[in-house]
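Let me begin by presenting the structure, written as structure tokens, before commenting on it.
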Amino acid sequence: MKDELEVVKNEISFETKIRAEFFDVDSMNVVYHGNYVKFLEVARCNLLDKIGYGYNEMVATKFMFPIATMSLKYIHSLQFEEEAIVKATLVEWENRIRIKYEIRSLKTGQIVTKAETTQIAVKMPEAETLFVCPKIFTEKVEAIIRSA
């Protein structure tokens with residue numbers, strides 16, 4: 001697992017280590033499918049924080065980015081106490097935030113889940129949907145890509 005941002009072909013990635021806790025699993029010790037969404041959220045927050053535009057910065061600059069779409073493909077399951085790496089990759093940032101995810105078991109190396117989320121910019125307090133991301137965000141992303 002890498003502790004720094006990775007930039008490849010104008011895409012920015014960050015890896016987050018997660019562990020399937022008791023409250024994440026069902027009676028068969030398998031991670032309940034809805035909890036993978038929580039794992040994505042943790043990885044997305046870490047990625048955006050590393051970029052320098054996490055949720056606190058969004059609020060401070062009067063923007064919010066609600067999830068507009070989410071898709072998940074379950075390939076294998078995680079078990080109780082199993083550790084995994086969630087790789088979150090920012091693939092689009094000009095008109096919306098689009099992030100692809102890959103959850104990989106540390107024990108087996110297998111891909112467990114693939115996912116994607118799309119978020120749109122909303123100017124607050126007007127609740128005005130924007131069709132481009134605010135410059136404060138796009139400039140941070142472009143500076144990271146240029147410095148790679």
Side-chain angles (χ1 to χ4, degrees), residues 1-26 31-78 80-106 109 111-148:
M1 186 179 90
K2 301 169 185 101
D3 193 37
E4 296 299 319
L5 290 171
E6 178 183 23
V7 180
V8 177
K9 296 183 182 178
N10 291 336
E11 296 181 349
I12 302 172
S13 298
F14 187 73
E15 294 182 345
T16 300
K17 184 177 176 182
I18 55 104
R19 181 175 185 246
E21 302 294 346
F22 180 74
F23 50 79
D24 291 320
V25 300
D26 60 20
V31 171
Y32 170 70
H33 71 275
N35 285 325
Y36 289 89
V37 174
K38 177 180 69 172
F39 300 153
L40 303 181
E41 177 69 20
V42 171
R44 180 172 52 253
C45 286
N46 289 341
L47 172 65
L48 293 171
D49 284 343
K50 279 287 194 182
I51 289 170
Y53 198 66
Y55 289 121
N56 288 327
E57 289 80 14
M58 290 176 189
V59 170
T61 57
K62 299 191 182 337
F63 290 99
M64 63 181 202
F65 284 82
I67 298 288
T69 64
M70 177 183 294
S71 66
L72 289 94
K73 180 178 182 179
Y74 301 101
I75 301 165
H76 294 283
S77 60
L78 289 173
F80 175 56
E81 294 185 334
E82 189 171 355
E83 294 180 321
I85 297 295
V86 185
K87 183 176 184 179
T89 304
L90 179 68
V91 297
E92 190 175 335
W93 64 89
E94 293 167 327
N95 299 317
R96 58 191 178 168
I97 295 177
R98 190 163 60 96
I99 300 174
K100 290 187 176 187
Y101 308 83
E102 183 179 276
I103 302 177
R104 186 175 18 90
S105 167
L106 274 178
I111 295 173
V112 174
T113 304
K114 289 185 175 187
E116 184 175 308
T117 58
T118 302
Q119 295 169 259
I120 56 171
V122 176
K123 177 81 173 128
M124 296 306 289
E126 301 88 347
E128 176 188 352
T129 300
L130 304 178
F131 297 100
V132 295
C133 286
K135 281 190 178 201
I136 189 162
F137 175 64
T138 59
E139 287 173 352
K140 287 177 183 282
V141 170
E142 290 164 4
I144 291 168
I145 290 171
R146 277 192 309 274
S147 69

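Stacking of K123 on the aromatic ring of F63 is recorded, both the 6.0 Å distance cut-off and the 45° axial limit being met.
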Test log, rule side-chain contact (heavy atoms from CB on, under 4.5 Å), inputs T117 and Y101: CA-CA 8 Å; T117 58; Y101 308 83; 2.8 Å; yes
Stepwise side-chain contact (heavy atoms from CB on, under 4.5 Å) check, T89 with E102: CA-CA 9 Å; T89 304; E102 183 179 276; over 6 Å; no
Working for side-chain contact (heavy atoms from CB on, under 4.5 Å), residues I97 and C133: CA-CA 8 Å; I97 295 177; C133 286; 4.2 Å; yes
side-chain contact (heavy atoms from CB on, under 4.5 Å) assessment of Y74 paired with V112: CA-CA 6 Å; Y74 301 101; V112 174; over 6 Å; no
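More than 12 non-hydrogen atoms from other residues, nucleotides or ligands lie less than 6.0 angstrom from CZ of F23. Within 6.0 Å of atom NZ in K114, 12 or fewer heavy atoms from other residues, nucleotides or ligands are found, so the atom counts as exposed in its surroundings.
In this structure the side chain of T69 never reaches within 4.5 angstrom of the side chain of R96, judged on heavy atoms. Contact of the M124 side chain with the M58 side chain is not registered, since no non-hydrogen atoms from C-beta on lie closer than 4.5 Å. Contact check for V8 versus S13: no side-chain heavy atoms found under the 4.5 Å cut-off. E83 has its side chain within reach of K17: a pair of non-hydrogen atoms, C-beta onward, lies under 4.5 Å apart. Side-chain contact check for Y36 versus I18: every heavy-atom pair is 4.5 Å or farther apart. Using a 4.5 Å heavy-atom cutoff, the side chains of S77 and V31 are not in contact.
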Contacts under 3.5 angstrom, residues 134-144 side chains, donor-acceptor by atom type, not counting sequence neighbours:
unit_1: T138; atom_1: OG1; unit_2: K135; atom_2: O; d: 3.3
unit_1: K140; atom_1: NZ; unit_2: G52; atom_2: O; d: 3.4

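Of all heavy-atom pairs spanning N35 and D24, the tightest one is ND2-O, 2.9 Å. Summarising the geometry of V86 relative to F39, their closest heavy-atom pair is CG1-O, 4.2 Å, with the distance given to 0.1 Å. Between L47 and A88, the closest heavy-atom pair is CD2-O, 3.9 Å.
In summary, K100 and E11 do not engage in a salt bridge, as defined by a charged side-chain N under 4.0 Å from a carboxylate O.
With rounding to the nearest 0.5 Å, the separation of NZ in K38 from CD in E21 is 8.0 Å. Here the straight-line distance linking atom CZ of F14 with atom CG of L5 works out to 6.5 Å at 0.5 Å rounding. Atom CG of L90 and atom CG of L48 lie 7.5 Å apart (nearest 0.5 Å). How far CD of Q119 is from CZ of R98: 12.5 Å, rounded to the nearest 0.5 Å. A distance of 10.5 Å separates CG of L72 from CD of E116, quoted to the nearest 0.5 Å. From T118, atom OG1 reaches atom CE of M70 across 9.5 Å, with rounding to the nearest 0.5 Å.
Listed by chain and number, the residues in a side chain to side chain contact (heavy atoms under 4.5 Å, CB included) with F131 amount to none (sequence neighbours excluded).
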